[in-house]
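Quick notes on the structure that follows.
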Amino acid sequence: MGYDHKIIEEKWEKVWDDEKVYKTDVYDFSKPKFYVLDMFPYPSAVGLHVGHVEGYTATDALARMKRMQGYNVLHPIGYDAFGLPAEQFAIKNNQNPSIYTEKNIANFRRQLKRLGFSYDWDRQIETSDPSYYKWTQWIFLKLYENDLAYEDYRLVNYCPALGTVLANEEVIDGKSERGGYPVERRPMKQWCLKITSYADKLLEGLDEIDWPQSTINMQRNWIGKSKGTIVKFSVQNSDKTFEVFTTRADTLFGCTYCVLAPEHPLVKELTTEEQKEAVAEYIKSCEAKSDLERTDLAKEKTGVFLGSYAVNPINDKVVPIYIGDYVLSTYGTGAVMAVPAHDQRDYEFAKKHHIDFIKVIDSDISESAFEGDGTHINSQFANGLDNEDAKKAITEKLIELGKGNYKVNYRLRDWLFSRQRYWGEPIPIVHLDDGTLYPVPFDELPLKLPELSDYKPTGDGRPPLSKAAEWVDVSIDGHKGERETNTMPQWAGSSWYYARYIDPHNNEAIGDKKLLDHWLPVDVYVGGAEHAVLHLLYARFWHKFLHDLGIFKCDEPFKKLYHQGLILGSDGQKMSKSLGNTVSPDQVIEEYGADALRLYEMFKGPVDQSLPWSPDGPKGAKRFLDKFYRLYADQNFVSLWTDEEVPELDYEYNFTIKKCTEDFEVLHYNTGISQIMILVNAIYKSNKIPKHILLDLTKLLFPLCPHISQECYQLLGYTNILDFEKWPTYDETKLLTKPVTYAVQVNGKLKGTIEFKKDADDSELEELKKSALELDNVKNALCGKVVNKIIVVKNKIVSIVAK
RNA sequence: GCCCGGGUGGCGAAAUCGGUAGACGCACAGGAUUUAAAAUCCUGCGGACUAAUAAUCCAUGCCGGUUCGAUUCCGGCCCCGGGCACCA
């Protein structure tokens with residue numbers, strides 16, 4: 001007998017909806033708070049993916065257990081609604097992207113409700129809603145006010161035909177991925193956010209959050225703090241100077257040439273007449289390469305001599321200056337000192353260009369550069385020192401000479417914040433005719449997107465917003481001006497949304513201060529590992545900024561983070577339309593029900609692991625749920641119900657409560673579920689079924705499969721909503737009732753087992769040893785041998801060592 | 001090349017302060033029930049050798065080491081996945 005999942009599930013979803021069961025009273029401070037959050041989805045046209053369902057079920061189950069444990073739970077959802085697909089749809093159909101977006105959101109909402117997620121629907125937010133982006137713009141203006149937003153020329157991949165800048169991955173062989181149009185690297189004026197000012201704070205914060213170690217490491221590497229030295233080189237026969245950053249100041253006496261990045265501002269001036277042609281050619285060849293290709297050329301270090309020479313400030317040695325694309329303009333100073341003897345890249349480059357080697361650390365450099373620690377030689381006052389002391393001595397000397405200093409350097413770059421799109425938050429800045437910038441006053445926010453007659457970029461490559469007359473022709477206090485026609489990136493809206501859920505309808509502030517203080521930070525945040533760096537770093541940056549403004553009390557947004565793994569197609573490949581291996585949650589719900597889908601996804605393995613979709617998985621989950629349901633609805637079982645205790649079930653019953661409580665807390669649903677199955681199997685074998693166990697079983701399964709659990713609860717005769725019933729507790733003493741099984745080994749090989757009292761004392765363990773030696777298998781194994789010693793590990797093993 | 005994960009039956013996995021490897025489930029096979037099927041129930045299910053659910057041996061990517069005992073710890077290697085901005 002199977003239950004009709006459609007009827008039962010829709011029945012309870014209607015109750016939850018009609019009675020607004022999941023509406024959170026955020027002002028109720030009488031209970032401890034618990035804020036559990038999903039990364040909000042981009043509302044694509046294809047709808048929800050089974051991968052979303054995995055993360056969302058994990059948080060929903062946690063939210064439901066926490067409610068039962070007496071917490072006031074905040075569990076909201078929203079939509080990251082700005083984005084490229086909507087814009088492309090709008091261009092194609094000449095329709096405002098909001099229409100497309102709204103349609104998709106309605107579909108997402110239907111699917112999310114049909115999965116029985118316990119979201120507070122009165123808190124749904126959309127980043128494209130003016131009442132939301134009003135505050136995104138507000139934060140931008142605050143950043144601007146605090147000198148953290150600025151305009152600067154940045155080298156970007158610009159595609160004139162598409163009228164937009166492309167990401168590295170969208171450029172293939174110098175052509176755009178879409179359309180195959182030529183792409184050029186050109187400097188463009190772009191808005192940037194000074195995330196680098198927060199580098200140290202972002203680094204320090206990593207110590208206090210409970211995140212996967214791999215994600216913390218990735219963020220740490222991304223910020224890439226390194227301590228080193230700035231060395232000022234002068235150019236021979238010239239008043240020009242350039243600086244290099246090095247972490248190996250100890251090797252400065254070994255410097256035999258310098259390399260500038262092809263984009264370095266001094267390249268032109270330092271190129272001599274005879275080298276002009278070769279240099280120009282080289283620069284051109286670099287332009288054609290994408291960043292990715294430049295990176296790929298790791299094997300061979302290319303470069304060209306400029307014709308000029310630099311003077312090493314430490315010993316006045318004259319060394320040639322090259323340009324080479326293995327030096328990046330975006331890291332350090334865009335120039336390096338090269339020490340072929342002690343840096344492998346320089347070693348290879350110098351070999352190729354027949355440049356001198358000077359060994360300054362006593363070592364063997366016949367095969368490769370020596371990059372380790374050692375005794376310094378050929379280094380005047382630094383001779384005899386080790387690396388660290390030499391760095392110090394040489395840097396101190398440079399300071400004395402006025403030719404250098406200690407310097408902390410970061411890999412992290414400022415955040416490029418402009419997009420040449422329509423479908424994004426307008427940047428609330430007006431460019432006045434006199435060249436000054438006019439920030440839109442706070443009380444004029446939101447600055448709403450204008451309607452356009454069409455959404456394409458202009459023919460001359462300006463962003464779509466430049467088409468609106470009211471946008472590019474404004475007058476501020478008698479000055480003519482033009483509004484910023486770039487919009488913000490999609491990251492903007494997702495960098496602070498977690499805070500807006502707390503007080504989403506507040507029109508005077510991001511949120512009521514006392515609510516923000518109470519509810520932040522998010523206690524548990526779940527989302528894909530692909531956001532390990534960008535989103536999760538940007539959100540931390542904005543949070544810390546708003547903390548410094550006094551808006552947020554805590555200084556980290558997400559206390560605990562989990563990543564959900566990818567769900568792959570049943571062929572083990574990434575699910576994609578083109579491979580035809582996608583699975584729609586709608587399909588699975590239709591056939592097996594939402595509870596079966598939820599149960600399968602939580603049972604199939606650890607949440608953070610990527611796993612292929614198993615077509616039979618939900619079927620197996622439904623089979624278990626039918627089996628579960630029969631205990632409550634099938635007369636054969638109902639007639640076995642009893643109010644008495646059934647001692648032989650005590651252990652599994654109490655252990656199941658313990659296991660679920662502990663495992664669910666840390667999102668280890670798979671092992672909790674298997675223990676529920678063990679208990680259900682035990683009940684099936686019993687000829688009496690205690691009602692109190694059936695009652696607690698509905699509660700234990702409820703977080704994962706809320707519909708069927710609520711139904712069974714009702715079948716037991718209860719009328720309440722399970723969400724606010726008490727989470728079961730267990731009796732510790734009942735866990736001791738089961739005797740322990742000792743394994744008996746001879747020389748490490750298993751020879752048998754003995755059931756024995758749990759936590760036996762020393763004299764009892766002597767008896768255990770005796771009975772172990774009595775086992776037939778043990779006797780046989782010991783035949784002709786002498787027992788050397790017997791090791792007993794309490795509650796686990798008796799190990800007999802014999803010769 | 002660098003960084004971070006991971007490798008256990010036909011499949012998903014469980015067990016890691018070192019202690020009975022494979023819990024739980026999927027798939028499969030046999031049986032019961034049924035006119036039949038579905039559903040359900042029972043049984044088996046890493047491999048070898050077996051009449052055997054007797055014993056023994058081999059098995060947690062590979063090779064070594066430590067140990068009474070290693071999936072777990074150490075050293076070396078191979079493979080798979082993810083990330084990357086040659087980071088000076």
Side-chain angles (χ1 to χ4, degrees), chain A residues 1-2 168 212-218 220-222 224 226 228 244-248 251 259 291-292 294-299 301 324-328 330-333 335-339 342-346 371 409-413 529-530 532-533 563 565-566 568 570 572 574 599-600 603-606 608-617 619-621 623-624 626-627 630 634 636 668 670-678 680-681 684 741-753 776-777 780-781 788-803:
Chain A
M1 184 175 79
N168 286 335
Q213 195 54 48
S214 57
T215 306
I216 289 182
N217 290 343
M218 276 170 91
R220 193 165 275 142
N221 293 342
W222 192 267
S226 61
V244 307
F245 171 75
T246 177
T247 54
R248 293 298 305 274
T251 62
V259 188
D291 279 4
L292 228 73
R294 253 169 90 162
T295 312
D296 270 355
L297 286 172
K299 299 285 174 280
K301 276 74 189 154
D325 66 4
Y326 78 100
V327 175
L328 300 182
T330 48
Y331 182 76
T333 60
V336 302
M337 65 175 216
V339 183
H342 304 293
D343 181 289
Q344 189 56 29
R345 284 162 315 198
D346 300 341
E371 298 184 340
N409 196 55
Y410 300 90
R411 288 171 57 179
L412 185 69
R413 296 180 212 157
E530 67 272 21
V533 179
H563 293 304
L566 287 175
L568 308 168
S570 42
K574 219 169 169 172
L599 184 67
Y600 164 62
F603 180 58
K604 68 183 174 48
D608 59 0
Q609 208 157 304
S610 293
L611 295 172
W613 178 262
S614 159
D616 284 324
K619 186 167 92 182
R623 183 184 301 160
F624 170 74
D626 283 336
K627 188 174 183 177
R630 262 178 262 130
D634 184 328
N636 294 327
H668 291 179
N670 54 333
T671 47
I673 293 165
S674 92
Q675 184 55 38
I676 291 177
M677 288 171 168
I678 291 169
V680 167
N681 289 343
Y684 260 72
T741 308
Y742 278 83
V744 181
Q745 292 181 343
V746 176
N747 291 337
K749 301 275 184 195
L750 182 68
K751 295 294 166 185
T753 59
D776 287 347
N777 266 346
N780 289 339
N788 284 0
K789 59 176 170 176
I790 302 177
I791 300 160
V792 179
V793 181
K794 210 182 250 187
N795 299 331
K796 289 200 168 149
I797 203 159
V798 181
S799 183
I800 301 163
V801 187
K803 231 178 175 179

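Proteins come first, then strands; the chains are lettered A, B, ... in the order of their sequence lines, and each starts at number 1. In this text, all values refer to a predicted model and were calculated from it rather than measured experimentally. Scope of the values below: all heavy atoms of this structure, side chains included, with no hydrogens, waters or symmetry mates.
Put simply, Lys751(A) has a side-chain N or O that comes within less than 4.0 Å of OP1 or OP2 on U56(B). A close approach under 4.0 Å does not occur between any side-chain nitrogen or oxygen of Tyr742(A) and OP1 or OP2 of U20(B).
Judged by distance alone, the side chain of Tyr742(A) and the main-chain N or O of Lys794(A) form no donor-acceptor pair under 3.5 Å. Looking at Asn777(A), its side chain does come within 3.5 Å of a backbone N or O of Lys751(A) through a donor-acceptor pair. Between the side chain of Tyr410(A) and the main chain of Ser226(A), no donor-acceptor pair closer than 3.5 Å is present. In this structure, the side chain of Asn409(A) does not engage the main chain of Gly228(A) through any donor-acceptor pair within 3.5 Å. Looking only at distances, no side-chain donor or acceptor of Arg345(A) sits under 3.5 Å from a matching main-chain atom of Tyr326(A).
For Ala335(A), the side chain to side chain contact (heavy atoms under 4.5 Å, CB included) partners at least two apart in sequence or on another chain are Phe242(A), Val244(A), Leu260(A), His264(A), Thr333(A). Among residues two or more places apart in sequence or in another chain, the side chain to side chain contact (heavy atoms under 4.5 Å, CB included) test is passed with Thr671(A) by Lys659(A), Asp663(A), His668(A). Arg220(A) pairs by the side chain to side chain contact (heavy atoms under 4.5 Å, CB included) definition with Leu203(A), Leu206(A), Asp207(A), Ile216(A), Asn217(A), not counting sequence neighbours.
Within the model, atoms CG of Asn670(A) and CD of Gln609(A) stand 9.0 Å from one another, a figure rounded to the nearest 0.5 Å. Put simply, CE on Met677(A) and NZ on Lys627(A) are 8.5 Å apart, with the number rounded to the nearest 0.5 Å. Rounding to the nearest 0.5 Å places CG of Asp616(A) at 4.5 Å from NZ of Lys619(A). We find the CD1-CG distance between Ile676(A) and Asn681(A) to be 12.0 Å, quoted to the nearest 0.5 Å. Residue Phe603(A) holds its CZ atom at 9.0 Å from CZ of Phe624(A), rounded to the nearest 0.5 Å.
Rounded to a whole angstrom, the distance from the C1' atom of A70(B) to that of C87(B) is 40 Å. On the P atoms, C74(B) is 15 Å away from C4(B), given to the nearest whole Å. Nucleotides C28(B) and G65(B), compared at atom P, are 44 Å apart to the nearest Å. Comparing the P positions of G12(B) and G61(B) gives a spacing of 14 Å, expressed to the nearest Å. Taking the C1' atom of each, G47(B) and G83(B) are spaced 39 Å apart, rounded to whole Å. For the C1' atom pair drawn from G81(B) and G64(B), the interatomic distance equals 27 Å after rounding to whole Å. Between the C1' atoms of U72(B) and A15(B), the separation comes to 10 Å (whole Å). Atom name C1', nucleotides G44(B) and G22(B): the rounded distance is 16 Å, in whole Å.
Proximity note for Leu750(A) (side chain, C-beta onward) versus C86(B), A14(B), U20(B): the nearest is U20(B). Between A88(B), C41(B), C86(B), one nucleotide has an atom nearer to the side chain of Val336(A) than all others, and that is A88(B). Of the candidate nucleotides A88(B), A13(B), G19(B), A88(B) has the atom lying nearest to any side-chain atom of Thr246(A).
Pairing for C77(B) goes to G61(B), judged as Watson-Crick or G-U wobble with the two contacts each under 3.5 Å. Pair assignment for U50(B) gives none, since no Watson-Crick or G-U wobble pairing has each distance under 3.5 Å. Here G69(B) sits opposite no nucleotide as a Watson-Crick or G-U wobble pair (both hydrogen-bonding atom distances under 3.5 Å). Across all strands shown, A85(B) forms no Watson-Crick or G-U wobble pair with both key distances under 3.5 Å. As the counterpart of G9(B), no nucleotide is assigned, since no Watson-Crick or G-U wobble pattern has both distances under 3.5 Å. A38(B): no Watson-Crick or G-U partner with both key distances under 3.5 Å is found in any strand.
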> Can you give one letter per nucleotide of nucleotides 23-30 of chain B, going 5' to 3': B for a protein heavy atom under 4.0 Å from the base, S for sugar-phosphate only, - for none?
Replying inline: BBSSS---
For nucleotides 64-74 of chain B, list the nitrogen or oxygen atoms of the protein found under 3.5 Å from its nitrogen or oxygen atoms, one pair per line.
{"unit_1": "C68(B)", "atom_1": "O2", "unit_2": "Ser799(A)", "atom_2": "OG", "d": "2.6"}

Expected rows: protein N/O vs nucleotides 2-4 of chain B N/O, under 3.5 Å:
{"unit_1": "C3(B)", "atom_1": "O2'", "unit_2": "Asn221(A)", "atom_2": "ND2", "d": "3.2"}

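Comparing Tyr410(A) and Lys796(A), the nucleotide of RNA chain B nearest to each residue sits closer to the 5' end for Lys796(A).
When heavy atoms are screened at a 4.0 angstrom cut-off, Pro606(A) is found touching the sugar-phosphate backbone but no base atom. Using a 4.0 Å heavy-atom cutoff across all strands shown, Thr741(A) reaches at least one base atom of the nucleic acid.
Its glycosidic angle being more than 90° from 0, G61(B) falls on the anti side.
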